[in-house]
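Heads up, the thing below is written out as structure tokens.
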Amino acid sequence: MRTAVLRGLPAALLTVLSLATATPAHASETVPLTEAVASLPLATESRDGYTREAFKHWTGGDDPADGCTTRSEVLIAEAVEAPTVGPRCRITGGTWWSYYDQMTVTSASGLDIDHMVPLAEAWDSGASAWTAQRREAYANDQGQEASLVAVTARSNRSNADQDPAQWMPPATDVLCRYAAEWTATLRWNLTTDDTEYAALNDLAAACPDQTVTYTPAP
């Protein structure tokens, strides 16, 4: 299970093709956000054939012994004040900070777990060609802190399946973090289209001190 204190660290990004042969498997490297964005592969996106059911998610989580789903493990890990975890991983109490909209949440039921790059957007960007097992691994990715984030249900649903060209967090002082975390989950070798790339590039230019630590997905 992940450790909540890691949430403040820079996000991770898929190793770019130019570095893949030079970097050992699962090694991490830190680069400026501008460099990370510039290295993203460009491609035309297509949503043909997408269904949410193509991504099996909220499975048994990283720790089979705790009886919690991925969703519950993320909630426990990201709590600012730890909740009580009862039988069958029933979560009560606890406090969370939804960074998209800078809101404190005191009930797990008020939170959604957002896929930083939404499932539909992942499908558009290359996941349509993956095996079912790889899509499941993506949908339950706890191997990188930025991949899944607990936020208010309202902010998650306003985001829906949009990319940064279409939606950004309403709290403007978190945009550098958001850009880095979005770029980070492209560790799965997902592509970007022209408008998404332009939006990320603009954000990177506005965030000259932001770095991205990337690790390739297994």
Side-chain angles (χ1 to χ4, degrees), residues 2 4-14 16 28 30-42 45 71 74-75 77-80 96-105 110-125 127 138-139 141-215 217:
R2 305 178 309 164
V5 39
L6 296 177
R7 291 298 304 168
L9 295 178
L13 166 72
L14 167 75
V16 295
S28 296
T30 299
V31 297
L33 176 60
T34 51
E35 181 179 327
V37 171
S39 301
L40 299 176
L42 286 167
E45 296 184 353
R71 170 186 161 80
V74 173
L75 286 171
E78 295 192 3
V80 176
W96 291 263
W97 176 247
S98 171
Y99 94 83
Y100 286 0
D101 47 6
Q102 307 283 277
M103 294 191 65
T104 298
V105 181
L111 294 159
D112 282 353
I113 304 303
D114 186 28
H115 292 92
M116 179 58 62
V117 174
L119 301 181
E121 176 68 18
W123 178 273
D124 299 351
S125 304
Y138 175 83
D141 182 18
Q142 294 188 72
Q144 179 167 287
E145 295 300 310
S147 295
L148 300 171
V149 56
V151 294
T152 60
R154 179 178 181 179
S155 65
N156 181 48
R157 292 164 196 178
S158 72
N159 175 8
D161 56 8
Q162 300 177 92
D163 68 31
Q166 303 161 317
W167 184 91
M168 293 185 192
T172 56
D173 59 344
V174 303
L175 294 182
C176 292
R177 172 181 173 179
Y178 184 73
E181 294 194 352
W182 179 280
T183 305
T185 49
L186 298 179
R187 77 193 193 100
W188 289 88
N189 204 20
L190 299 173
T191 62
T192 58
D193 62 16
D194 289 338
T195 56
E196 179 187 345
Y197 180 87
L200 288 169
N201 199 48
D202 287 346
L203 282 171
C207 304
D209 299 324
Q210 182 68 51
T211 59
V212 176
T213 302
Y214 63 83
T215 306

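Contact record, Thr183 with Ala36: CG2-CB, 4.0 Å, taken as the closest heavy-atom pair. Heavy atoms only, all atoms of each residue included: Ala180 and Leu33 are closest at CA-CD1, 4.0 Å. Between Pro41 and Asn189 the shortest heavy-atom distance is CG-OD1, 4.2 Å. The minimum heavy-atom distance between Asp163 and Glu196, with the atom names listed, is OD2-CB, 3.7 Å.
The line from CH2 of Trp188 to OG of Ser125 is 14.0 Å long, rounded to the nearest 0.5 Å. Taken to the nearest 0.5 Å, the CG atom of Leu40 stands 5.0 Å off from the OG1 atom of Thr192. Between atom CE of residue Met168 and atom CD of residue Gln166 there is a gap of 10.5 Å, rounded to the nearest 0.5 Å. Atom CE of Met103 is separated from atom CG of Leu111 by 10.5 Å, given to the nearest 0.5 angstrom.
Using a 4.5 Å cut-off on side-chain heavy atoms (C-beta onward), Tyr138 and Val117 make contact. By the 4.5 Å heavy-atom criterion applied to side chains, Pro32 and Gln210 are not counted as neighbours. Looking only at side-chain heavy atoms (C-beta outward), Leu175 and Pro169 come within less than 4.5 Å of each other. Put simply, the side chain of Asp114 reaches to within 4.5 Å of the side chain of Asn159, judged on heavy atoms.
By the ring pair (Phe, Tyr, Trp, His ring centres under 6.0 Å) test, Tyr100 pairs with Trp167, Tyr178, sequence neighbours left out. Considering only residues two or more places apart in sequence or on other chains, Asp124 meets the side-chain hydrogen bond (donor to acceptor under 3.5 Å, both in side chains) condition with Arg47. Partners of Ala139 according to the side-chain contact (heavy atoms from CB on, under 4.5 Å) rule, which considers only residues two or more places apart in sequence or in another chain, are Phe55, His57, His115, Leu119. Pro118 pairs by the side-chain contact (heavy atoms from CB on, under 4.5 Å) definition with Glu121, Asp161, Trp182, not counting sequence neighbours. Looking at residues two or more places apart in sequence or on another chain, you find a side-chain contact (heavy atoms from CB on, under 4.5 Å) between Ile113 and Trp58, Arg71, Val74, Leu75, Leu148, Ala150. Residues passing the side-chain contact (heavy atoms from CB on, under 4.5 Å) test with Gln102 are Trp97, Tyr99, Ala171, Asp173, Val174, sequence neighbours excluded. In this structure, the side-chain hydrogen bond (donor to acceptor under 3.5 Å, both in side chains) partners of Asp101, at least two apart in sequence or on a different chain, are Ser98, Thr152. By the side-chain hydrogen bond (donor to acceptor under 3.5 Å, both in side chains) test, Thr195 pairs with Asp193, sequence neighbours left out. In this structure, the side-chain hydrogen bond (donor to acceptor under 3.5 Å, both in side chains) partners of Arg157, at least two apart in sequence or on a different chain, are Asp112.
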TODO: Take Asp194 and Leu42 through the side chain to side chain contact (heavy atoms under 4.5 Å, CB included) test and state the conclusion after the steps.
DONE: CA-CA 7 Å; Asp194 289 338; Leu42 286 167; 4.1 Å; yes
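Between the side chains of Thr215 and Ser28, at least one donor N or O lies within less than 3.5 Å of an accepting N or O.
Side chain of Thr30 to backbone of Thr213: no donor-acceptor contact under 3.5 angstrom is found. At least one donor-acceptor pair under 3.5 Å links the side chain of Ser39 to the backbone N or O of Glu35.
Identified under the disulfide (SG to SG under 2.5 Å) test for residues 147-191, with sequence neighbours left out: Cys176-Cys207.
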